[in-house]
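For reference, the structure discussed in these notes is given below.
By convention in this document, chain letters (A, B, ...) are assigned in the order of the sequence lines, proteins followed by strands, and residues within each chain are numbered from 1. Quantities reported herein were computed from a predicted structural model and do not represent experimental measurements.
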There are 2 protein chains.
Amino acid sequence: MDDSPPTGDELLRILSALANPHRLRILGTLSVRRDYVSSLARVIGIGRPLLHMHLQRLEAAGLVRGTLELSNDGKAVKYYEATDFALTLTPETIRRALPTLTDKTEKKET
Amino acid sequence: MDDSPPTGDELLRILSALANPHRLRILGTLSVRRDYVSSLARVIGIGRPLLHMHLQRLEAAGLVRGTLELSNDGKAVKYYEATDFALTLTPETIRRALPTLTDKTEKKET
DNA sequence: CACAGGTGTCAAAAAAAACTGACATATGTC
DNA sequence: GACATATGTCAGTTTTTTTTGACACCTGTG
């Protein structure tokens with residue numbers, strides 16, 4: 001139920017995924033009940049291409065999980081649900097994650 | 001020591017403030033010991049104008065606190081320190097914050 | 001077959017965030 | 001006075017993120 005402390009890069013990915021009003025709404029909504037893309041788009045009030053992108057970001061951060069299912073009438077429907085993550089943030093937490101935070105400015109080797 | 005649950009807008013401001021590698025490093029570094037702007041810029045390895053901007057964002061989110069002090073030799077030095085916040089994030093936490101999350105797309109009245 | 005409703009992708013535009021260099025101010029020391 | 005160190009700001013560029021509209025695909029129903 002609880003998560004092991006994420007690496008710096010993971011932490012950054014998670015925080016970046018959370019730092020957006022749409023994505024907070026998506027996550028909060030999915031925490032109540034799972035839903036599929038088109039429906040969720042209507043509920044939240046944004047377009048499907050946009051929602052799709054946001055879901056990608058959330059899934060990449062491990063905050064949401066999507067499963068493609070076949071409904072009774074044979075149509076492909078992709079359901080998303082919130083993973084039950086638990087992340088505690090304090091200055092200490094962050095300090096401990098720093099060693100594993102990659103510097104993107106670094107130059108690659110020959 | 002613990003924070004009362006932030007409003008949706010506050011939560012978003014905090015998350016946005018954290019969602020950046022430089023700012024994570026700043027926060028982590030300040031969690032060890034307070035430091036002043038120019039010094040901190042050298043430690044972290046970024047320019048002062050840039051650091052200044054990041055500190056603004058962190059302070060606006062309440063994650064960092066700055067105090068202008070006069071050093072022994074009379075120079076004005078601005079010290080920053082990390083506030084001891086504690087934020088727990090779960091799908092539930094987020095869901096509870098949603099009602100107080102402002103929709104920026106809203107139209108203003110006449 | 002046309003339609004409704006589901007899936008996804010792509011490129012281009014718009015908006016927001018990050019970054020940089022130049023500038024201005026102040027104080028103590030050589 | 002020139003220099004070193006501290007503070008901050010501002011405009012303009014670059015980069016990243018967000019958003020939109022147009023596609024294409026599949027399946028069951030009228």
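- Atom CZ in A:Arg48 sits roughly 13 Å away from atom C1' in D:dC25 (whole-Å rounding).
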Between protein and nucleotides 16-19 of chain D, what N or O pairs are separated by less than 3.5 Å?
{"unit_1": "D:dT18", "atom_1": "OP1", "unit_2": "A:Asn20", "atom_2": "ND2", "d": "3.1"}
{"unit_1": "D:dT18", "atom_1": "OP1", "unit_2": "A:Arg23", "atom_2": "NH1", "d": "3.4"}
{"unit_1": "D:dT18", "atom_1": "OP1", "unit_2": "A:Arg23", "atom_2": "NH2", "d": "3.0"}
{"unit_1": "D:dT18", "atom_1": "OP2", "unit_2": "A:Arg23", "atom_2": "NH1", "d": "3.3"}
{"unit_1": "D:dT18", "atom_1": "OP2", "unit_2": "A:Arg57", "atom_2": "NE", "d": "3.0"}
{"unit_1": "D:dT19", "atom_1": "OP2", "unit_2": "A:His54", "atom_2": "NE2", "d": "3.0"}

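- Of all the residues in residues 30-38 of chain A, A:Tyr36, A:Val37, A:Ser38 reach under 4.0 Å from DNA chain C with at least one non-hydrogen atom.
- Here the CG-OG1 distance, from A:Leu87 to B:Thr90, works out to 10.0 Å after rounding to the nearest 0.5 Å.
- A:Ala76 pairs by the side-chain contact (heavy atoms from CB on, under 4.5 Å) definition with A:Leu68, A:Leu70, not counting sequence neighbours.
- Contacts of B:Arg34 classified as side chain to side chain donor-acceptor pair (under 3.5 Å), with partners at least two apart in sequence or in another chain: B:Glu69.
- Of the residues in residues 61-81 of chain A, those with a non-hydrogen atom less than 4.0 angstrom from any atom of DNA chain C are A:Ala76, A:Lys78.
- Applying the side chain to side chain donor-acceptor pair (under 3.5 Å) rule to B:Arg13 yields no partners; only residues at least two apart in sequence or on another chain are considered.
- Partners of A:Asp35 under the side chain to side chain donor-acceptor pair (under 3.5 Å) rule, at least two apart in sequence or in another chain, are A:Ser39.
- Here B:Ser71 pairs with B:Asp73 under the side chain to side chain donor-acceptor pair (under 3.5 Å) rule; sequence neighbours left out.
- Taken residue by residue, residues 6-15 of chain A places no heavy atom nearer than 4.0 Å to DNA chain C.
- Atoms CG and CG, from A:Leu63 and A:Leu55 in turn, are 11.5 Å apart once rounded to the nearest 0.5 Å.
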- [ ] Starting from the C-alpha separation in whole Å, work towards a yes-or-no answer on side-chain contact (heavy atoms from CB on, under 4.5 Å) for B:Thr67 and B:Lys78.
- [x] CA-CA 6 Å; B:Thr67 52; B:Lys78 188 155 194 180; over 6 Å; no

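- Between atom CG of residue B:Leu58 and atom CD1 of residue B:Ile26 there is a gap of 5.5 Å, rounded to the nearest 0.5 Å.
- Nearest heavy-atom pair across B:Pro99 and B:Arg96 is CD-O, 3.2 Å.
- Atom CG of A:Leu40 and atom CD1 of A:Ile46 lie 7.5 Å apart (nearest 0.5 Å).
- For the side chain to side chain donor-acceptor pair (under 3.5 Å) condition, the pairs that include at least one residue of residues 47-58 of chain B, sequence neighbours left out, are B:Arg23-B:His54.
- Rounded to the nearest 0.5 Å, atoms CD1 (A:Ile94) and CG (A:Leu12) are 11.0 Å apart.
- Put simply, CG on B:Leu15 and CG on A:Leu18 are 5.5 Å apart, with the number rounded to the nearest 0.5 Å.
- With a heavy-atom cut-off of 4.0 Å to chain A, the contacted part of DNA chain C has its first and last nucleotide at C:dG6 to C:dT9.
- Shown here are the ring pair (Phe, Tyr, Trp, His ring centres under 6.0 Å) partners of A:Tyr80, two or more places apart in sequence or in another chain: there are none.
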